[in-house]
Student: 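Following this message is one structure expressed as structure tokens.
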Protein chains: 2
Amino acid sequence: MDDELRQKIYAFIEKKGLRKTVQREAIIQAAFCTNDHYTAEELILKARAIDSTVSRATVYRTLPLLVESGFLKEIDLGKEHKTYDPNFANQPHHNHLICTDCHRVIEFEDAHIETLEDCITKRLGFSPKAKMVRIEASCNQFQRFGKCERKGTG
Amino acid sequence: MDDELRQKIYAFIEKKGLRKTVQREAIIQAAFCTNDHYTAEELILKARAIDSTVSRATVYRTLPLLVESGFLKEIDLGKEHKTYDPNFANQPHHNHLICTDCHRVIEFEDAHIETLEDCITKRLGFSPKAKMVRIEASCNQFQRFGKCERKGTG
DNA sequence: TTAAATGCAAATTATTTGCAGAAGC
DNA sequence: GCTTCTGCAAATAATTTGCATTTAA
């Protein structure tokens, strides 16, 4: 896990007057030592692999804290369970493309789309606060060859 | 409710070999006689106002059918409950701006953003299937005057 | 020392499902 | 008449919460 990020998270925890517990440390470690997306249940398993005393309740109580910190975001991949994305700490403006063939998720950034979103927002009389784009698309390689070698999250 | 839309929906029902029941009629009527977004629970109330015999179970069984038909879409407004949007029948490519001041939802279409999304998708080696943009933004009028007269959904 | 955090187990809540009776075709 | 659809009530499953105990500061 990135050391700069770790420090920022603990700065947030300290600023909020929260305590540093072994369970929170394990959950934070589990939450940010990966680029994969995960559900609450998956995070419980990953946190327990680090510290077996972590309870379901503590994970469910910690998740909103991490989201509030801004380093973790809840994303909408159209799945039935809530999905969390730990990559906004490093790439604050990324978006998601979901492969309709293999269901992998590709993260991408694009300055033009950011600009355009800001234009649209201003034209409507608003000031942009948060923006997200989700694209579902079919993989050309997969369609041709029945497989693709692309690396994706999730 | 738009008559052309009604016909399309019943064409879908017939094509699927489904039956035309009073409960389904009431639910469809409730679902598409408005431009507002709604939750499953809200749809139950609206459908019961039309036909009081409509049960919760039937609404929950009908919703996925309407979504499958393509005329109703589940949208992500960041709210805790699933929200449904009946306006895709008339405006198949619209997106959502959520006001962070009064929480109203503004629907907008933009051809440029569509084009850009297609470009990005192709550049990544995919063929676009579905695209969505969600913007959270603060209302300039509201910020200045403490209120705004804008009409919005939700 | 004391306020906050934890684990457990029970509660909550949206949604789903089994089943017997009702109704569309 | 046969099959689908419905309402009811029970089941399911993710998340939340109350409380006694533990622990960080």
Student: Can you run down the salt bridge (Lys or Arg N to Asp or Glu O under 4.0 Å) pairs that involve residues 9-31 of chain A, sequence neighbours left out, and say none if there aren't any?
Tutor: A/Lys16-A/Glu68

Student: Does anything in residues 80-102 of chain A pair up under ring pair (Phe, Tyr, Trp, His ring centres under 6.0 Å), and if so which pairs, sequence neighbours excluded?
Tutor: A/His37-A/His96, A/Phe88-A/His94, A/His94-A/His96

Student: Please report the distance, rounded to the nearest Å, between CG in B/Leu63 and P in C/dA14.
Tutor: 14 Å

Student: Quick one: which residue pairs count as a salt bridge (Lys or Arg N to Asp or Glu O under 4.0 Å) with a foot in residues 116-132 of chain A, not counting sequence neighbours?
Tutor: A/Glu114-A/Lys131, A/Asp118-A/Lys131, A/Arg123-B/Asp110

Student: For DNA chain D, what is the dot-bracket line, given that a base pair needs Watson-Crick (N1 to N3, plus N6-O4 or O6-N4) or G-U wobble (N1-O2 and O6-N3) geometry with both distances under 3.5 Å, and | means paired with another strand?
Tutor: |||||||||||||||||||||||||

Student: Apart from A/Leu45 itself, what residues make up its hydrophobic cluster, given side-chain heavy atom links below 4.5 Å?
Tutor: none

Student: Could you tell me how far apart A/Asp51 (CG) and D/dT23 (C1') are, to the nearest whole angstrom?
Tutor: 14 Å

Student: Do you know which two heavy atoms are closest between A/Tyr38 and A/Ala31, and how far apart they sit?
Tutor: OH-O, 2.8 Å

Student: Give the residues of residues 12-24 of chain B touching DNA chain C, defined as any heavy atom closer than 4.0 Å, sorted by residue number.
Tutor: B/Arg19, B/Lys20

Student: Please identify each residue that fulfils side-chain contact (heavy atoms from CB on, under 4.5 Å) with A/Ser69, with sequence neighbours left out.
Tutor: A/Phe12, A/Phe71

Student: Determine which pairs satisfy salt bridge (Lys or Arg N to Asp or Glu O under 4.0 Å) with at least one residue from residues 52-62 of chain B, sequence neighbours left out, and list them in order.
Tutor: B/Glu41-B/Arg56

Student: Could you name each residue pair satisfying salt bridge (Lys or Arg N to Asp or Glu O under 4.0 Å) that touches residues 81-95 of chain A, not counting sequence neighbours?
Tutor: none

Student: What is the distance, to the nearest angstrom, from the NZ atom on A/Lys79 to the C1' atom on D/dA14?
Tutor: 17 Å

Student: Polar atom pairs between nucleotides 15-18 of chain C and protein, under 3.5 Å, N or O only, would you list them?
Tutor:
residue, atom, partner, partner atom, Å
C/dT15, OP2, B/Tyr60, OH, 2.5

Student: Mind checking who shares a hydrophobic cluster with B/Val22, ILVMFWY linked at side-chain heavy-atom distances under 4.5 Å?
Tutor: none

Student: Got a sec, which hydrophobics cluster with B/Phe145, joining ILVMFWY side chains under 4.5 Å apart, including via others?
Tutor: none

Student: Using atom CD of B/Glu74 as one end and atom P of C/dA14 as the other, report the distance to the nearest whole Å.
Tutor: 15 Å

Student: Check the distance between C/dA23's C1' and B/Glu25's CD and give it to me in whole angstrom.
Tutor: 13 Å

Student: Do any N or O atoms from the side chain of B/Asp101 and from the backbone of B/Cys139 form a donor-acceptor pair under 3.5 angstrom?
Tutor: yes

